[in-house]
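These notes are about the structure you will find just below.
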Amino acid sequence: MLAKTSVSSETRIEHEEHGPAGGWGSLKSVGGVLTRQHALLKSTQVLPHQNKPDGYACVSCAWAKPEHPHAAEFCENVAKATAWEITSKRATPEFFLQHSLSELETWSDFALENEGRLTAPLRYDATTDRYVETTWTEAFDAIGGELRALDPDEAVFYCSGRASLETAYLYQLMARLYGTNNLPDSSNMCHETTSVALPKTIGVSVGTVVLDDFDHTDCIFFFGQNVGSNSPRMLHQLQDARKRGARIVTFNPLREPGLVSFVNPQSPREMLTPGETQISTRYHQLKTGGDVGAILGICKALIEIDDAAASCGAERVLDVGFITEHTHGFDDFARYARQVAWEAIESHCGLSRDELRFSAQIYASAKAVIAVYGMGLTQHRDGVENVQMLTNLLLLRGNIGKQGAGICPVRGHSNVQGQRTVGITEKPALAPLDRLKELYGFEPPRDKGLNTIEACEGILQGDVKAFISLGGNFLRAVPDTLRMEPAWRKLRLTVNIATKLNRSHLVHGEVAYLLPCLGRIEIDRQQGVPQAVSVEDSTGVMHASRGRVAPASDKLLSETAIVAGMAEALLPANPRVPWADWAADYASIRDAIARTFPDIFHNFNSRLRAPGGFHRPIAARKRHWNTPTHKANFIVPTCLDADPDMPAPDGGAILRLMTIRSNDQFNTTVYGYNDRFRGIHGTRSVILIGDDDMERLGLSEGDIVNASTVADDAPRTVYGLRVVRYEIPQGCAAAYYPECNALIPLWHHAKGSCVPAAKSIPIRLQRVADPRVGVHSSEQPFP
Ligand SMILES: Nc1nc2c(c(=O)[nH]1)N[C@H]1C(S)=C(S)[C@@H](COP(=O)(O)OP(=O)(O)OC[C@H]3O[C@@H](n4cnc5c(=O)[nH]c(N)nc54)[C@H](O)[C@@H]3O)O[C@H]1N2
Ligand SMILES: Nc1nc2c(c(=O)[nH]1)N[C@H]1C(S)=C(S)[C@@H](COP(=O)(O)OP(=O)(O)OC[C@H]3O[C@@H](n4cnc5c(=O)[nH]c(N)nc54)[C@H](O)[C@@H]3O)O[C@H]1N2
Ligand SMILES: [Mo]
């Protein structure tokens with residue numbers, strides 16, 4: 001058992017300065033994964049086709065793909081994600097005959113996925129406690145029969161963010177024809193905060209920035225997004241902007257090396273000379289959860305400067321014309337900002353008024369500012385206010401709807417934004433229900449469906465009986481692991497459409513199916529014709545994607561074919577809904593998407609052929625404000641005084657834990673146990689704590705601690721974390737996701753968006769006398 005789970009011989013924490021992002025370290029890190037996955041040769045053959053007009057769209061993050069791609073338009077992450085998908089390792093039916101699910105449950109996340117690609121459809125056999133091979137027809141019929149026996153609202157159709165626009169469209173249609181809006185997706189744990197915050201302020205649910213804006217900006221404000229690890233291709237835009245003299249002001253509790261400096265591994269000249277680009281021109285290590293305070297401080301400083309200018313007739317600092325013509329609520333906001341005390345701001349964010357004033361000057365002197373953000377803003381109880389404060393800042397100088405400026409939420413999964421666009425949503429108001437009714441002649445469900453948190457509550461209460469998962473690793477991604485797992489076992493039906501084995505497949509329902517699908521890099525032939533699929537990137541651009549390598553097994557079906565097959569077995573025949581024809585020719589699905597969403601997808605098939613894809617319309621870019629006031633709205637924050645994330649201070653014993661991603665993972669997929677940017681090697685069972693806190697809590701580097709959530713309703717502890725001394729603001733700590741998800745109470749989520757507050761968990765630490773406890777649990781995430 002331990003042989004399977006142990007992956008590294010050595011645990012090493014380094015404290016020397018870590019090099020820049022990119023560069024030789026990046027090449028070395030990629031090489032390791034390619035070799036381990038036996039994918040070296042194949043990767044070198046396919047990677048040049050990544051994000052190219054004839055190639056496949058990146059399977060890693062959703063960052064924008066340029067119209068004129070670099071010779072090698074890929075990054076460290078993509079190379080890893082590619083190797084992980086086209087690996088020559090296989091988890092065959094024979095593998096499943098050798099291992100019971102109870103045994104596999106003791107394996108780590110890494111070990112499970114490292115078995116390689118799933119190769120045949122599998123059904124759970126209770127008598128042997130194993131997955132056994134089945135046929136596609138048996139699987140579809142059985143799943144259809146199980147679902148028909150339920151009330152549709154007892155079933156949940158989850159969607160991780162990787163499936164194409166075509167598959168996602170069919171998936172939501174299947175759920176609605178069946179009779180439910182229970183369509184939660186990974187954005188419920190991610191940028192749902194954005195989708196709730198932005199419609200109220202600027203009347204769109206997505207960012208307003210496109211790639212071209214990076215060529216025209218002179219200043220970027222960067223909040224809570226770890227570009228070096230999570231969207232490295234964006235470093236090219238940041239590097240170019242810096243070379244033009246643009247300034248980058250970063251707010252992050254951790255000094256993330258990718259935000260400090262960068263060497264372009266695709267530029268031989270840069271690789272051979274020591275030069276590196278400094279990315280951030282100012283770096284504010286604010287307190288975790290302190291963004292509203294920090295941004296408010298900058299707004300307050302701007303308003304102070306502007307008030308002074310107005311009183312002496314000097315040039316104004318605020319864009320008065322824009323504010324008057326285009327915004328609503330400025331007076332209330334300005335009044336609030338003038339009266340709020342600097343002390344309150346400073347204690348909220350841990351930054352001084354002088355630092356904030358200085359950054360306000362930088363902001364004021366820039367003609368066009370982009371604000372970039374990620375999970376550091378969205379995964380807090382006050383996440384929605386975080387994002388809205390950021391739009392307040394942009395609105396003060398008209399930085400929305402002009403070239404080189406705008407708001408830029410960096411999306412996660414490669415098609416997470418697009419899935420929402422084509423109807424994956426639990427909110428009926430966001431789905432084109434009337435149009436679906438008209439096109440397909442049925443009465444769509446009108447009740448609100450379950451989001452991720454509500455689906456978890458439904459599973460705990462026993463109201464949810466079936467869980468269908470289009471990709472993802474739901475059980476590992478959601479909060480409250482130790483409460484969710486026993487409840488998940490009580491489900492009647494679990495169906496997972498997946499490429500690789502993960503824990504959500506092992507903790508299963510009474511009836512369980514594991515259905516293996518093609519990955520996006522694989523050639524998808526239907527009736528002999530290779531098919532293209534499409535995805536939407538973080539900047540609202542739609543791209544075609546064509547697979548390049550032979551499928552991992554001849555028993556795989558495409559995700560599209562699996563959804564169509566399930567739908568045919570589940571639903572009564574309807575001549576207007578030609579599942580088999582759709583699955584045979586994806587262009588016909590695109591025609592259906594175009595008929596459903598003509599504003600975005602008119603002439604979908606022909607426009608998809610354009611190099612660089614096509615843009616969706618984003619009203620706020622044109623300063624059309626689809627809000628109730630028909631203006632862009634300033635929003636007065638409410639959270640400065642009361643901190644919803646943390647209980648009352650307890651003599652400093654309570655720390656605020658953020659859960660983070662390493663450079664060697666993609667969400668719950670763990671590629672390896674090294675976080676080279678943070679100097680942590682060979683283990684993920686660590687907790688990063690600052691000097692002062694270590695001293696105050698009597699801890700030394702290397703001590704083993706247990707972390708427990710400060711909450712009354714249930715005990716939540718993660719055992720055996722090794723203390724790592726790290727530069728992080730006082731009172732804050734960091735540890736890896738998903739290992740620490742057991743610490744997040746289900747109810748600890750963002751007001752308004754229900755995104756788990758994974759960046760602000762109140763915890764207490766307890767030192768473990770016997771350090772061997774930690775050695776066991778560092779390889780063994782399920783104590
Ligand atoms: N290699 C790789 N790439 C990925 C992923 C992956 O796991 N691995 N995941 C993908 C997905 S689904 C997503 S959503 C994105 C996630 O990408 P990010 O949005 O970068 O998410 P995190 O890695 O969680 O890191 C958030 C950053 O916010 C900082 N932070 C934490 N709390 C606060 C705070 O209160 N304020 C501020 N200002 N900063 C804070 C952290 O220090 C960290 O640098 O990446 C995508 N790309
Ligand atoms: N504590 C904490 N929790 C978090 C976060 C955090 O920062 N902290 N982040 C949250 C965020 S931002 C997100 S997006 C979620 C992620 O939640 P999910 O999207 O549910 O999880 P992933 O880890 O991305 O899913 C990995 C699995 O997807 C399957 N897969 C990979 N490629 C394909 C494919 O092409 N098709 C299909 N069908 N399956 C495929 C593989 O079987 C793999 O095991 O986690 C959230 N949870
Ligand atoms: Mo995400």
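Every number for a ligand or one of its atoms is a count from 1 in the order of the listing.
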Does an N or O anywhere in Gln379 fall below 3.5 Å from an N or O of ligand 1? no
State the atoms of ligand 2, each with its element, that fall below the 4.0 Å cut-off from a heavy-atom position in Tyr158. 17 (O), 18 (P), 19 (O), 20 (O)
Does the separation of the ring centres of His543 and Tyr56 fall below 6.0 angstrom? no
Would you say Ile497 and ligand 2 have an N/O pair spaced under 3.5 Å apart? yes
Heavy atom under 4.0 Å from ligand 2: found in Arg520's side chain, backbone, both, or neither? neither
Closer than 4.0 angstrom: is that true for some heavy atom of Leu259 and an atom of ligand 1? no
Indicate the ring-plane relationship of Phe95 and Trp107, choosing parallel, tilted or perpendicular according to the 30° and 60° boundaries. perpendicular
Contact between Met375 and ligand 2, counting heavy atoms under 4.0 Å? yes
Say whether, by atom type as modelled, one donor and one acceptor occur between the side chain of Trp488 and the main chain of Val507 under 3.5 angstrom. yes
Do Phe474 and Phe467 have ring centres separated by under 6.0 Å? yes
How close does the nearest protein non-hydrogen atom get to atom 28 (O) of ligand 2, and which residue and atom is it? Gly472 N, 3.1 Å
When only distance counts, is Lys759 in polar contact with ligand 2, meaning an N/O pair under 3.5 Å? yes
Candidates Trp84, Phe110, Phe666 - the one meeting ring pair (Phe, Tyr, Trp, His ring centres under 6.0 Å) with Tyr671: Trp84
I'd like to know if His191 contacts ligand 2, where contact means a heavy-atom distance under 4.0 Å to any ligand atom. no
Closest protein heavy atom to atom 32 (N) of ligand 2, given as residue, atom name and distance to 0.1 Å: Arg162 NH1, 3.0 Å
Does any N or O in the side chain of Glu559 come within less than 3.5 Å of the main-chain N or O of Leu518, such that one atom is a donor and the other an acceptor? no
for atom 4 (C) of ligand 1, nearest protein heavy atom and its distance come out as Phe666 CE1, 3.4 Å
Counting only heavy atoms closer than 4.0 Å, does ligand 1 sit against the backbone of Glu256, its side chain, both, or neither? side chain
For ligand 2, note which part of Cys517 has a heavy atom under 4.0 Å away: side chain, backbone, both or neither. side chain
How close does the nearest protein non-hydrogen atom get to atom 8 (N) of ligand 2, and which residue and atom is it? Thr659 OG1, 2.9 Å
Show which atoms of ligand 2 fall inside a sub-4.0 Å distance from at least one heavy-atom site of Gly471. 37 (C), 38 (N), 39 (N)
Quick one: does Ala477 get an N or O within less than 3.5 Å of an N or O on ligand 2? yes
May I ask you to identify the nearest protein heavy atom to atom 43 (C) of ligand 2, giving residue, atom name and distance to one decimal place in Å? Glu113 OE2, 3.4 Å
What residue and heavy atom of the protein are closest to atom 42 (O) of ligand 2, and at what distance? Lys500 O, 2.8 Å
For this output row, return yes or no: ring centroids of Tyr363 and Phe221 closer than 6.0 angstrom. yes
Below 3.5 angstrom, do we get any N/O pair linking Glu85 and ligand 2? no
Around atom 37 (C) of ligand 2, find the nearest protein heavy atom and jot down its residue, atom name and distance. Glu559 OE2, 3.0 Å
Per-residue contact class, Thr668 against ligand 2 - non-hydrogen pairs under 4.0 Å: both
Any heavy atom of Gly289 closer to ligand 1 than 4.0 angstrom? yes
Less than 4.0 Å is my threshold; does some heavy atom of Arg476 fall inside it relative to ligand 2? no
Counting heavy atoms only, name the option from Ile660, Thr499, Thr669 that's nearest to atom 40 (C) of ligand 2. Thr499
If we set the cut-off at 4.0 Å for heavy atoms, which region of Ala758 has an atom near ligand 2: side chain, backbone, both, or neither? side chain
Could you list which atoms of ligand 2 come closer than 4.0 Å to a heavy atom of Cys190? 12 (S)
For ligand 2, does Met189 get within less than 4.0 Å through its side chain, its backbone, both, or neither, judged by non-hydrogen atoms? both
Centroid-centroid distance, His191 to Tyr373, less than 6.0 Å: yes
May I ask you to identify, for Ile744, whether its side chain, its backbone, both or neither come under 4.0 Å of ligand 2 on a heavy-atom basis? side chain
Looking only at heavy atoms of Pro738, does any of them come nearer than 4.0 Å to an atom of ligand 2? no
